[in-house]
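See structure below.
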Amino acid sequence: MLKTHNCGELRVEHAGQQVTLAGWVNRQRDQGGVVFIDLRDRWGITQVVVDEATSPQAHPIARDARSEYVLQVQGVVRVRPAGTANPELETGEIEVVAQNITLLNASRTPPFYINKEERIEEVRRMQYRYLDLRRPSMQYNIVLRHRIIKFLRDYLDARGFVEIETPILFKTTPEGARDFLVPYRLQPGKFYALPQSPQQLKQLLMVAGYERYFQIARCFRDEDLRGERQPEFTQLDMEMSFIEREDIMQLVEGMMIALVEGVGTNKQLLWKPFPRLTYTEAMEKYGSDKPDLRYGMAAVDVSDIAGKSGFGVFQTNVAEGRPVKAMRVPGAGAVSGTQLRKDTAELEDLARSAGAKGLAWMALPTDENDEVKGPIGKFFTVEQKLELFERLEARPGDLLLFLSDRCEVVYNAVDILRRTLADKLNLLDPNQFAFIWVIDFPLFLWDEENKRWDPSQHMFTAPMPEDLPLLDTDPGKARGSQYDLVCNGYEVAGGSIRIHDRAMQEKIFPLIGQTMEHAREQFGHMLEAFEYGTPPHGGIAAGIDRLAMLFAGAPNIREVIAFPKTQTGSDIMAHAPSPAEPGQLEELGIAVVIEEDKEDA
RNA sequence: GGGGGCGUGGUGUAGCGGCCUAACAUACUGCCCUGUCAAGGCAGAGAUCGCGGGUUCAAAUCCCGUCGUCCCCGCCA
């Protein structure tokens, strides 16, 4: 070893010890006769003192040392002279008096600061990702991610789960996203697909009798990127046999609580056990199947009251079956008239961008004797207003927003209004975790474009037993045995009880527009497996990137992925993707045909 | 596929028609300095303002296109 201690561990009790440290120059302070070097490694920073008089060998090297030079320092630990301790440093009580310094490697001037937390343009960070990752904040994120994964592994291992690897080179998987294809030289013209998840394989492991499986699995989906989505991402993939929905939810909930409480961050659970919302409740109240419950502002149906008001839009909509929903924004009405008009105009624009035709509002005065402000107030009788306020639990100074349209439009608008208002009103505390379960999803969602039902999760999700008859009569009403774990507005895990019966599986295919022929071709091995004693089973997959992001308090998952891709799927450092060599393509029997720019070529 | 933001010395920002021969901080280079820790002092170097075109007497600044990146919708659980 080139070091006997790391740069974060030396304390007063080490005083007098001969030590060797190695690391990077975080900062160098040249005082002339004495040079201070803050030596940094993954564990911390230790001050090295180099005195010209007592360390003639080390002094010139220390003088020439620059940021990010790699040094090995041999010296003696000493308690710092009185008055020179640095309470900012964990090692601030001591310093290492250098006897010998070896320059292990020099460094060019880095393109950005390693020793200073400053927002740097992301292109630059990605171009020099190895330097970006050297920054302490990134090292914290990456190590935190490791701790999360380690915790989950240990937790599941202790409960009889077996970690099993599944292939990356596989076949199209039924998650509904676009596949990444990998051409294969030995069979020109044929392609592997990278797994969108190990879904089929983990079910087959249940058929194989492993009963409790997990894997830290890389998944691949060729869809557009977002802050929370990368083309390759990591899931904690799990599957269990002989269990019911409740068993998995309990296990995962216990695991998440233990993780939050055991992984050593300052994150607080807002509540436990985790509340459960049905999909319908989530949509009705929050307009989203992954609502952020760190704040309220739930939508409340006021169709009955609004329909009786004198406001024509509400009357017509309610008469034609379109709901009127109201949201209470605490305190947002207690501003000047000018400000109120500006705020509500902005919110109305937002609602319009979500497809709504408008946004009505009432502002409750802070003085209860004043009139309610807002253009629709006059259409409501005093009694109607009081009824509204009571239902919304409105207080003086609140702003009430009213939306009325088709359900989907109202949901959309409620969702975007809630999220925007929460941000504006500073209601988003990243240290608070609001975990909730969303259950009772519809098994299918109608795909208007292709005029068919689409599985809302995937084709192996079992219907809720009591909804089986609906498959024949009204498939849209059938609920799936699906459960999603949501935290702070992010879906962090999703799973279901699976179909383990061939007949049931074959019943699903035609409903989702799969011909039997195509289904057998793609999934024949699954159907066949179901005939050999498949146990009832189910599972869940948790997004490790999103969890790590939440635990790190990071704004996107790139901050917790060592080498992420940009929004266009590029790796700026390595310049991937890149054209293939003609010889490689020839071996694969592939010709690249790139469309010339359609018109303006 | 669509909408929006951003792109100025190495880095982070300012400048948003003429006072820009582009400012500030920091980093960088040299010299001075024996208790600093965002060290300090003095001196210095460093930018065709992403790229291309246009408008104008005059463009970092306005317009169009393009490239890159980020956010959002679609897409994706």
Side-chain angles (χ1 to χ4, degrees), chain A residues 26-39 45-55 59 63 66-68 78 80-89 91-92 95 97 108-128 131 175-178 196-197 199 219-231 233 235 288-290 350 353-355 412 415-416 419-420 438 441 445 449 454-458 461 482-486 490-496 540-543 546 555-556 558 565-570 572 597 600:
Chain A
N26 196 58
R27 279 205 166 81
Q28 180 250 37
R29 292 178 293 280
D30 185 352
Q31 308 272 310
V34 64
V35 179
F36 296 94
I37 289 174
D38 291 339
L39 200 66
I45 289 177
T46 299
Q47 174 166 285
V48 175
V49 200
V50 190
D51 193 309
E52 186 175 27
T54 56
S55 310
H59 188 255
R63 286 206 98 163
R66 294 292 177 269
S67 287
E68 303 310 312
R78 171 172 84 187
R80 291 197 192 187
T84 63
N86 182 355
E88 303 282 303
L89 282 185
T91 60
E95 61 195 2
V97 183
R108 290 169 59 182
T109 302
F112 48 79
Y113 301 103
I114 313 295
N115 55 13
K116 188 166 146 186
E117 287 300 333
E118 188 173 54
R119 209 199 61 79
I120 309 151
E121 212 171 325
E122 216 164 310
V123 196
R124 203 95 305 135
R125 294 175 57 194
M126 292 304 165
Q127 185 183 352
Y128 298 97
L131 294 179
E175 236 79 16
R178 204 173 289 114
Q196 295 177 28
S197 77
Q199 183 60 37
C219 306
F220 305 87
R221 292 176 193 173
D222 183 6
E223 296 292 349
D224 287 7
L225 284 74
R226 284 290 158 75
E228 59 179 280
R229 283 182 355 217
Q230 286 269 311
F233 58 99
Q235 286 190 339
S288 165
D289 61 357
K290 46 177 168 43
L350 206 60
S353 76
N412 239 330
D415 183 33
I416 192 164
R419 285 190 282 128
T420 308
V438 180
F441 281 74
L445 295 169
E449 200 177 319
D454 259 356
S456 82
Q457 190 198 23
H458 55 61
T461 301
Q482 187 190 339
Y483 31 82
D484 276 8
L485 184 64
V486 172
Y490 292 94
E491 186 203 323
V492 292
S496 61
I540 195 166
R546 287 179 191 170
N556 61 63
R558 294 186 301 278
K565 291 171 180 58
T566 69
Q567 198 155 51
T568 52
S570 296
I572 291 178
D597 277 345
D600 48 11

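Throughout, protein chains are lettered first and strands after them, A, B, ... in sequence-line order, and every chain is numbered starting at 1.
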Task: Pairwise 5' ranking along RNA chain B for Y113(A) and R27(A), keeping only the more 5' one - done: Y113(A)
- [ ] Assess whether one donor atom and one acceptor atom, taken from the side chain of R558(A) and the base of C70(B), lie less than 3.5 Å apart.
- [x] no
Open item on the list: Which nucleotide wins on minimum distance to the side chain of T84(A), given the candidates C75(B), U36(B), C70(B)?
Closed with: U36(B)
Task: Rounded distance in Å - CZ (R226(A)) to P (C75(B)) - done: 10 Å
- [ ] Mind calculating the distance between CD (E122(A)) and C1' (C6(B)) to the nearest angstrom?
- [x] 12 Å
Open item on the list: Side chains of Q47(A) and R29(A) only: does a donor on one sit below 3.5 Å from an acceptor on the other?
Closed with: yes
- [ ] Provide, to the nearest angstrom, the distance between the CZ atom belonging to F112(A) and the P atom belonging to U13(B).
- [x] 14 Å
Task: Between A77(B) (C1') and E228(A) (CD): distance, integer Å - done: 9 Å
TODO: Round to a whole Å and report the spacing from CZ of R124(A) to P of G50(B).
DONE: 13 Å
Open item on the list: Whether the D484(A) and Q482(A) side chains hold a donor-acceptor pair (N or O, under 3.5 Å, no angle test) is what I'd like checked.
Closed with: yes
Task: For U69(B), the Watson-Crick or wobble partner whose two distances fall under 3.5 Å - done: G5(B)
Task: Is_stacked (F36(A), U36(B)) at 5.5 Å, 30 deg - done: yes
Task: Length of the line joining E223(A):CD and G1(B):P, which is rounded to integer Å - done: 13 Å
